[in-house]
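Okay, structure first, notes after.
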Amino acid sequence: MNTKKSQSVGNAKNAKNAENAGNAGNGAGGELVREYLAAVEREASALPAERRQELVADLAEHIEVALTERPESCRDILRELGDPRTIAATALQESGFGPGAAPGAFATPGAGTGQAPGRRSPAWLVVLLPVLALGLGYLWIPLGFALKVAGAVVLFRSRHWTSGQKWTGFALTVLAPSLMNVAWFLFSYPNDPSQTEYWTAIAATAVVTVAGAGWLWRVRSGTDVAAG
């Protein structure tokens, strides 16, 4: 009874994820997504129901996030994920149900296809770079600037956050601290700020940067958290 209930809940969650991914596409794009997920589920029919649902839900979530960032690139996104048969075969192998299997392993979207979806920059790197830029930037400004640029690039290439979260994180960890520094330099040249004012400005910039990094860490994708 419990097994049937668990499978029922899993099927409902799987259907919801697939529906969300399909709705993220426009017209024919949404239909392509639904057909793609159905093909993966069909090819992975040898997997236990729970793992099969997890695989399809993981793919649906990735597609949904990718489509919010690239709404006109449905075919490209599906092509990057790889052929449904290849994904299913990799999932079977890594889950212990295929030749050369590694028992107990879980498949991830794009695994075994050689495509970018299986490769993720760790969330801690995105969070750490702006903090390093803040500290080292006061020692050598060009280094701080380089770290900020690197942090922004890694952030916008990451799959740990949605597009909106990336822009919010960028504003908090890069844009706002940079504007605060510019405002400070403009203020300090015509005036003679005291040490108290100087350290207050540094503390304010640090608070904004660390708060932004902390926010990014809290809202990172739950799927990616499990991945590492």
Side-chain angles (χ1 to χ4, degrees), residues 17 20-21 24 54 57-58 60-71 77 80 106 108-111 115-228:
N17 286 335
N20 290 340
E54 181 180 352
D58 213 18
E61 182 178 353
H62 169 70
I63 294 170
E64 181 183 0
V65 172
L67 284 173
T68 61
E69 299 174 359
R70 296 184 289 162
I77 292 168
E80 290 168 4
F106 283 83
T108 56
Q115 300 297 333
R119 304 177 185 274
R120 302 176 180 180
S121 299
W124 61 261
L125 178 62
V126 180
V127 173
L128 179 63
L129 282 172
V131 177
L132 287 177
L134 171 71
L136 298 179
Y138 284 106
L139 299 177
W140 191 34
I141 293 178
L143 177 58
F145 177 77
L147 288 172
K148 284 184 179 181
V149 172
V153 170
V154 175
L155 171 62
F156 281 104
R157 288 175 61 88
S158 174
R159 294 198 292 117
H160 297 277
W161 295 274
T162 64
S163 180
Q165 290 172 339
K166 289 176 182 179
W167 281 107
T168 301
F170 173 76
L172 291 173
T173 60
V174 178
L175 186 59
S178 297
L179 291 176
M180 291 173 71
N181 285 333
V182 170
W184 166 255
F185 282 117
L186 291 176
F187 167 78
S188 63
Y189 277 119
N191 300 285
D192 186 18
S194 64
Q195 284 294 310
T196 300
E197 293 173 327
Y198 175 75
W199 287 109
T200 299
I202 291 179
T205 305
V207 167
V208 172
T209 303
V210 173
W215 179 82
L216 279 173
W217 183 255
R218 287 195 304 274
V219 302
R220 68 196 190 282
S221 169
T223 300
D224 291 322
V225 172

Hey, is CG on Leu143 packed in by over 12 heavy atoms from elsewhere, all under 6.0 Å?
-> yes
Specify the closest pair of heavy atoms between [X] and [Y], including all atoms of both residues, with the distance to one decimal.
X	Y	value
Pro177	Thr209	CG-OG1, 3.2 Å
Gln165	Trp215	O-CZ3, 3.5 Å
Ala133	Lys148	CB-CG, 3.6 Å
Leu216	Gly169	CD2-CA, 3.8 Å
Gly212	Leu172	CA-CB, 3.6 Å
Thr173	Pro130	CB-CB, 3.7 Å

How many angstroms lie between atom [atom1] of [X] and atom [atom2] of [Y], to the nearest 0.5 angstrom?
X	Y	atom1	atom2	value
Leu147	Phe145	CG	CZ	11.0 Å
Trp167	Leu155	CH2	CG	9.5 Å
Asp58	Ile63	CG	CD1	10.5 Å
Ile202	Asn181	CD1	CG	9.0 Å

* Asked: Does some side-chain heavy atom of Trp161 sit less than 4.5 Å from a side-chain heavy atom of Val126?
  -> yes
Donor-acceptor pair, side chain of Glu197 and main chain of Ser194, under 3.5 angstrom
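Checking the backbone N and O of Ser194 against the side chain of Glu197, a donor-acceptor pair under 3.5 Å is found.
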message = I'd like to know if the side chain of Ser158 reaches the main chain of Val154, judged simply by a donor and an acceptor atom lying under 3.5 Å from each other, with no hydrogens or angles considered.
response =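 It does not hold such a pair.
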